[in-house]
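These values consider heavy atoms only, across backbone and side chains, with no hydrogens, waters or symmetry-generated copies.
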Amino acid sequence: MHADISAPPGAQAPSGGGTPTVIRLLVLATFVVILNETIMINAIPRLMTDLKVSDRSAQWVSTAFMLTMAALIPATGWFLQRVTTRRAYALAMGVFLAGTTLSSVAPSFAILLIGRVIQAGGTAVMMPLLMTTLMTVVHEQDRGRVMGNVTLAISVAPAMGPVISGLILQIGSWRWLFVLMLPIAGVVTFLGLRKLENIGEPQTGAIDVVSVILAALGFGSLVYGLSKFGSGDATTPALIIAAGIALIAVFAWRQIRLQRGSGPLLDLRVLLAPTYTKSLVLMAVAFLAMMGSMILLPLYLQTLRGLSPLQTGLLVMPGGLAMGLLGPTVGKIFDRFGGRVLVIPAAIGITAALAGFTQISQTMPYWQLLALHILLMASLAAAFTPVFTLGLGALPMHLYSHGSSMLGTLQQVAAAFGTALVVTIMSGRANSLIDSGTPVPEAHLNGMRLAFAVSAALSVLVIVMAVLLPSRAPEPEHAEPTVDELEDVTPVLVKD
């Protein structure tokens with residue numbers, strides 16, 4: 001039979017029970033790695049000075065992290081079906097610790113970038129592992145509540161990241177961002193390996209190396225090409241992007257071919273579920289908007305308003321905390337009333353907040369910035385929990401790992417895409433205005449306004465997808481049986 005990480009239905013926790021221990025442990029580990037993902041945002045100006053790199057180069061400590069995850073996450077659906085829960089956890093956290101150690105002692109920007117890439121290799125496994133396990137062991141009636149608690153943990157981490165990094169950067173080097181992470185990650189890894197239990201039985205099978213290469217090169221070229229826009233020559237980036245799209249198309253074609261045989265690296269049959277596909281589009285655009293704002297706001301507050309990294313972190317912290325604290329409430333509302341009452345108002349709130357940021361100025365009151373940021377984060381909280389649950393709930397159990405991998409891939413591509421997009425738009429507009437004689441501060445301000453305007457325009461698509469989503473996930477349609485499944489069923493049919 002087609003084996004995977006999914007446990008049988010009987011392994012699900014009873015309805016109305018508490019959050020399973022395995023989910024609590026995975027949430028704790030995911031909290032640590034997500035905290036690490038956002039902790040570098042405030043450090044970019046410091047890196048530019050200490051390591052003597054440009055703002056575009058320094059931005060790669062975030063872009064390379066997301067890009068690596070986008071390249072590796074497509075393989076996690078295959079990976080999670082072929083190793084035990086404990087082994088997946090041990091490998092992910094071990095790689096993360098190795099990358100953190102290298103980053104802490106990096107003598108140059110190039111070595112720091114390599115360390116961040118290694119960190120991302122461990123992080124890439126954690127979110128798909130958490131989501132796949134949650135969908136497997138938590139009863140359908142409780143998924144909103146448990147997903148809400150997950151949102152609480154993984155949303156507080158981005159809120160704490162800028163504050164923690166701001167505090168550390170006030171009193172020490174950026175290296176301490178990694179040094180202090182090491183004992184925390186070490187303790188979390190130790191606790192997880194002591195108490196984590198395996199969920200389901202792994203299956204055997206060889207990985208398709210060609211698919212791994214196609215995914216890495218395709219998504220890598222796409223984001224790298226976009227990041228080069230605004231640097232002068234537009235022809236070369238366009239060719240790189242075109243090559244990336246072509247490689248992704250070949251990757252998709254190969255996955256369809258592999259579905260007929262040994263099994264794909266990323267099972268594209270998840271896209272046959274309309275609710276899942278709509279959720280995928282909504283999540284991708286929402287992540288694009290969120291990461292764009294997370295890049296633009298610190299740049300605005302530190303370079304144009306003169307705030308310190310710590311002050312910047314404190315200003316954006318309430319929005320992140322609001323996002324996290326709303327998670328459990330959003331989950332309960334979803335379990336009781338369904339998704340539409342949450343997702344549609346949330347989508348409108350996201351667009352309204354981004355539109356509000358287009359009015360930033362040198363004198364805009366801080367309370368207005370705070371209110372807009374809280375509106376954006378609260379709206380994202382009201383969207384993420386129902387959309388995650390609706391999307392994955394529309395899939396059959398044996399496709400959970402592939403569905404969470406696809407979701408994670410698109411999130412990271414959208415986040416890297418959004419980061420590169422806003423920086424490119426901002427830099428391009430600012431440079432154009434500076435060349436025409438506009439004062440530098442005013443030119444950068446205009447560039448940021450345009451970047452927020454583009455993000456707001458793209459977020460209209462979130463509203464469209466929200467209107468199209470159902471309140472409840474439809475009964476998942478079972479995918480066509482694999483060759484192995486047919487071979488297992490045939491003796492039974494002959495005997496009968």
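- A donor-acceptor pair is defined here as one N or O able to donate and one able to accept, closer than 3.5 Å; no such pair exists between the side chain of Arg46 and the backbone of Ser173.
- Listed for the Ser459 side chain is no donor-acceptor partner under 3.5 Å among the backbone atoms of Val462.
- The distance from atom CE of Met448 to atom CG of Leu299, rounded to the nearest 0.5 Å, is 5.0 Å.
- With sequence neighbours left out, Arg449 forms a salt bridge (charged side-chain N to carboxylate O under 4.0 Å, His left out) with Glu442.
- When all heavy atoms of Ile374 and Ala322 are compared, the pair lying nearest together is CG2-CB, 4.3 Å.
- Contacts of Phe65 classified as ring-ring contact (aromatic ring centres under 6.0 Å, His included), with partners at least two apart in sequence or in another chain: none.
- Listed by first and then second residue, the side-chain hydrogen bond (donor to acceptor under 3.5 Å, both in side chains) pairs that reach into residues 64-73 come to none, sequence neighbours excluded.
- Residues satisfying the side-chain contact (heavy atoms from CB on, under 4.5 Å) test with Leu167, not counting sequence neighbours, are Leu310.
- Residues satisfying the ring-ring contact (aromatic ring centres under 6.0 Å, His included) test with Tyr276, not counting sequence neighbours, are none.
- Scored by the side-chain contact (heavy atoms from CB on, under 4.5 Å) test, Leu191 finds Val187 as partners (sequence neighbours excluded).
- A search for side-chain contact (heavy atoms from CB on, under 4.5 Å) contacts involving Tyr366 returns Leu301, Arg305, Leu307, Leu315, Leu369, not counting sequence neighbours.
- The ring-ring contact (aromatic ring centres under 6.0 Å, His included) contacts involving residues 281-309 comprise Phe287-Phe384, where partners must be two or more places apart or lie in separate chains.
- The stretch residues 95-114 participates, sequence neighbours left out, in these side-chain hydrogen bond (donor to acceptor under 3.5 Å, both in side chains) pairs: Thr100-Gln119.
- Leu376 contributes atom CG, which lies 6.0 Å from atom CZ of Phe357 (distance to the nearest 0.5 angstrom).
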Show the atom names and distances, to 0.1 Å, of all donor-acceptor pairs under 3.5 Å that link a side chain in residues 208-218 to residues at least two apart or in another chain.
residue, atom, partner, partner atom, Å
Asp208, OD1, Arg254, NH2, 2.9
Asp208, OD2, Ser211, N, 3.0
Asp208, OD2, Ser211, OG, 2.3
Asp208, OD2, Arg254, NE, 2.7
Ser211, OG, Gln255, NE2, 2.8

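- Side-chain atoms of Ser455 come within 3.5 Å of backbone atoms of Ala451 as a donor-acceptor pair (strictly under, hydrogens ignored).
- Listed by chain and number, the residues in a side-chain contact (heavy atoms from CB on, under 4.5 Å) with Leu25 are Thr21, Lys195, Leu196 (sequence neighbours excluded).
- Within the structure, no pair that satisfies the ring-ring contact (aromatic ring centres under 6.0 Å, His included) test touches residues 88-107, not counting sequence neighbours.
- Counting heavy atoms from C-beta outward, Val105 and Phe178 have side chains that stay 4.5 Å or more apart.
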